[in-house]
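Please read all numbers here as calculations on a predicted model, not as lab measurements. Each ligand, and each atom within it, is numbered from 1 in the order the structure gives.
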Amino acid sequence: MSNSGRVDELSTAFLTETGAIPALTGVSFDIRPGETLAVVGESGSGKSVTALSAMRLLERNARIEADALRFRRRDGSVIDLARATEKEMRRIRGNEIGMIFQEPMTSLNPVLTVGDQIGEAVAQHRRMSRAALRAEVLDLLGLVGIPAPEDRIDQFPHQMSGGMRQRIMISIALACRPNLLIADEPTTALDVTIQAQILRLLKRLQAELGMSILFVTHDLAVVSEIADRVVVMYGGTVLEQGAVGDVLTRPVHPYTRGLLDSLPGQGATRLRAIRGTVPAPQDRPPGCLFAPRCDHAREVCERARPALVDRGEGHPARCVRSPEIAP
Ligand SMILES: Nc1ncnc2c1ncn2[C@@H]1O[C@H](COP(=O)(O)OP(=O)(O)OP(=O)(O)O)[C@@H](O)[C@H]1O
Ligand SMILES: [Mg+2]
């Protein structure tokens with residue numbers, strides 16, 4: 001495997017009192033060394049469940065099935081995370097795979113200094129003296145662009161701005177120099193200026209550390225800023241995927257086109273959202289998942305779920321009508 005990782009036919013369901021909720025069906029993509037792969041889609045499309053399934057961090061009622069969740073380890077060997085032991089997972093999480101989530105999910109501990117929290121992340125996987133640990137934490141604070149690390153190391157999270165706190169979260173994620181960073185909406189809670197700073201920071205860190213990034217976002221503007229390739233998700237499946245330059249300039253699926261049309265700034269007057277909403281997992285139609293919201297839907301779309309294939313457009317999409325409806 002020359003990739004850093006590959007998700008192969010991942011399907012995740014949640015077992016509830018009222019039955020199984022199929023959150024994901026047959027999600028596949030790969031992540032190449034040193035690239036940023038964005039996973040984009042509206043709320044409820046399955047982005048977070050994809051990231052959390054790959055890390056096996058879902059609640060106990062989740063059933064994860066996959067042909068494989070391959071990950072290339074630091075020593076070059078390949079492990080299937082779908083079949084790894086919990087002990088192996090603990091060694092990989094936060095060490096070989098770093099994670100950052102939107103702030104509410106994994107906020108910092110308010111009663112510990114940021115230095116202690118970063119130090120804890122470092123010490124979890126590496127043994128070192130107190131002095132060496134402090135030096136390493138100062139290095140990490142510098143790496144993520146915190147000015148005057150000596151003054152900041154002993155501060156508490158509430159003494160810092162939202163943007164600073166997100167930098168601290170990033171330093172924790174990078175504490176063990178992972179070869180893959182999973183970032184789930186890491187900038188969504190931040191204002192636009194700070195968001196741009198954090199995206200620049202991630203790009204710089206990626207170049208310095210040579211890691212791959214799996215970047216989850218609902219925002220195509222962010223995708224065009226940061227990603228090399230993009231996976232467009234809808235209703236727990238992949239509807240389109242390819243290089244960012246291709247997908248954003250020559251989108252194939254009406255859903256991707258709809259997402260692009262609803263971006264602000266494209267001559268703001270014609271801003272329009274896609275009509276309707278993402279169907280709940282229990283209410284998915286039998287044919288194309290997007291058909292109920294699609295202006296191009298015909299009977300053929302309702303018969304069977306379209307395959308994810310390249311119909312001559314240069315990258316794959318799940319739309320049987322794409323050659324006919326090309327702009
Ligand atoms: N623990 C759970 N139990 C039952 N259903 C769940 C659970 N977690 C997620 N789901 C369902 O799985 C689907 C995908 O959710 P997910 O959180 O991955 O969406 P998302 O794309 O990350 O959305 P957002 O942009 O809002 O974060 C949703 O329909 C959601 O309701
Ligand atoms: Mg999410």
Side-chain angles (χ1 to χ4, degrees), residues 7 9-29 31 36-66 69 81-82 97-107 166 169 173 181-190 195 198-199 202 213-223 225-227 230-241 247 253 255-256 258-260 262-264 273-274 276-286 289-290 292-293 305 318:
V7 168
E9 290 295 315
L10 167 66
S11 297
T12 300
F14 294 99
L15 306 184
T16 68
E17 282 161 18
T18 52
I21 298 174
L24 303 179
T25 32
V27 171
S28 298
F29 54 81
I31 304 176
T36 299
L37 178 74
V39 175
V40 72
E42 288 166 286
S43 184
S45 55
K47 308 180 297 292
S48 296
V49 174
T50 300
L52 292 169
S53 298
M55 296 306 293
R56 303 232 318 255
L57 281 175
L58 289 166
E59 299 86 336
R60 284 161 149 272
N61 70 332
R63 289 296 168 271
I64 301 172
E65 282 177 29
L69 301 171
L81 300 181
I97 303 181
M99 295 172 285
I100 336 169
F101 296 100
Q102 201 173 328
E103 250 207 293
M105 235 179 112
T106 43
S107 39
Q166 194 56 309
M169 296 299 304
L181 177 70
I182 297 183
D184 189 348
E185 307 263 10
T187 58
T188 303
L190 304 172
Q195 169 166 320
I198 297 289
L199 293 179
L202 284 173
I213 302 181
L214 179 70
F215 194 100
V216 170
T217 177
H218 62 274
D219 188 345
L220 277 176
V222 169
V223 172
E225 280 290 309
I226 192 149
V230 59
V231 169
V232 181
M233 284 196 69
Y234 184 79
T237 63
V238 175
L239 285 194
E240 177 161 3
Q241 66 178 62
V247 174
H253 203 288
Y255 177 62
T256 312
L259 285 181
L260 280 163
S262 57
L263 271 181
I274 305 171
T277 50
V278 181
Q282 309 86 296
D283 303 326
R284 287 188 193 135
L289 293 172
F290 187 61
R293 302 173 69 186
R305 192 133 315 159
R318 228 180 257 284

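Not a single heavy atom of Ala280 sits closer than 4.0 Å to an atom of ligand 1. Not close to ligand 1: His218, with no non-hydrogen atom less than 4.0 angstrom away. Heavy atoms of Pro281 come nearer than 4.0 angstrom to ligand 1 in at least one pair. The shortest separation from a heavy atom of Met233 to ligand 1 is not under 4.0 Å, leaving the residue out of contact.
In this structure, atom 26 (O) of ligand 1 has a protein heavy-atom contact shorter than 4.0 Å. Distance check on atom 30 (C) of ligand 1: every protein heavy atom falls at or beyond the 4.0 Å cut-off.
Geometrically, ligand 1 and Ala23 share no nitrogen or oxygen pair separated by less than 3.5 Å. Here's the thing with Ser43: one of its N/O atoms is less than 3.5 angstrom from an N/O atom of ligand 1. Of the N or O atoms in Ile21, none lie within a sub-3.5 Å distance of an N or O in ligand 1. Polar contact with ligand 1: absent for Thr16 (N/O pair, distance under 3.5 Å). For a threshold of 3.5 Å applied to N or O pairs, the pair formed by Asn61 and ligand 1 contains no separation below that value.
Looking at Thr187, its side chain never comes within 3.5 Å of a backbone N or O of Leu190 through a donor-acceptor pair. A donor-acceptor contact shorter than 3.5 Å links the side chain of Arg305 to the backbone of Pro285. In terms of modelled atom types and a separation under 3.5 Å, the side chain of Asn61 and the main chain of Leu15 share a donor-acceptor contact. Judged purely by atom type and a 3.5 angstrom limit, Arg318 has no side-chain atom pairing as donor or acceptor with the backbone of Leu289. Although no hydrogens or angles enter the test, the distance criterion places no donor-acceptor pair under 3.5 Å between the side chain of Thr217 and the main chain of Val222. Put simply, the side chain of Glu240 gets close to the backbone of His253: a donor and an acceptor are under 3.5 Å apart.
Using cut-offs of 30° and 60° for the angle between ring planes, the Tyr255 and Tyr234 rings count as tilted.
Nearest-residue assignment for atom 14 (C) of ligand 1 (options Pro22, Gly46, Gly41; heavy-atom criterion): Gly46.
Nearest protein heavy-atom contact of atom 28 (C) of ligand 1 is Gly44 O, 3.9 Å. Annotation: atom 1 (N) of ligand 1 to nearest protein heavy atom, Glu59 OE2, 3.4 Å. Among protein heavy atoms, atom 18 (O) of ligand 1 sits closest to Val49 N, 2.9 Å. Among protein heavy atoms, atom 17 (O) of ligand 1 sits closest to Ser48 CB, 3.8 Å. Looking only at protein heavy atoms, the nearest one to atom 3 (N) of ligand 1 is Phe14 CG, 3.4 Å.
Of all the atoms in ligand 1, the ones that sit under 4.0 Å from a non-hydrogen atom of Ser45 are 19 (O), 21 (O). Each of the atoms 21 (O) of ligand 1 lies under 4.0 Å from some heavy atom of Glu42.
Applying side-chain contact (heavy atoms from CB on, under 4.5 Å) to Met233 and the options Leu24, Val49, Val40 leaves one that passes, Leu24.
At a cut-off of 3.5 Å, with distance as the only test, a side-chain donor of His218 or Glu185 sits close to an acceptor on the other residue. Counting only N and O atoms by type, the side chains of Ser53 and Thr12 include a donor and acceptor under 3.5 Å apart.
Atom-to-atom distance recorded for Leu220:CG and Leu263:CG is 5.5 Å, nearest 0.5 angstrom.
Looking at Glu42 and Lys47, no side-chain N of the basic residue comes within less than 4.0 Å of a carboxylate O on the acidic one, giving no salt bridge.
With 2.8 Å as the limit, Ser48 counts as an N, O or S neighbour of the Mg ion (ligand 2).
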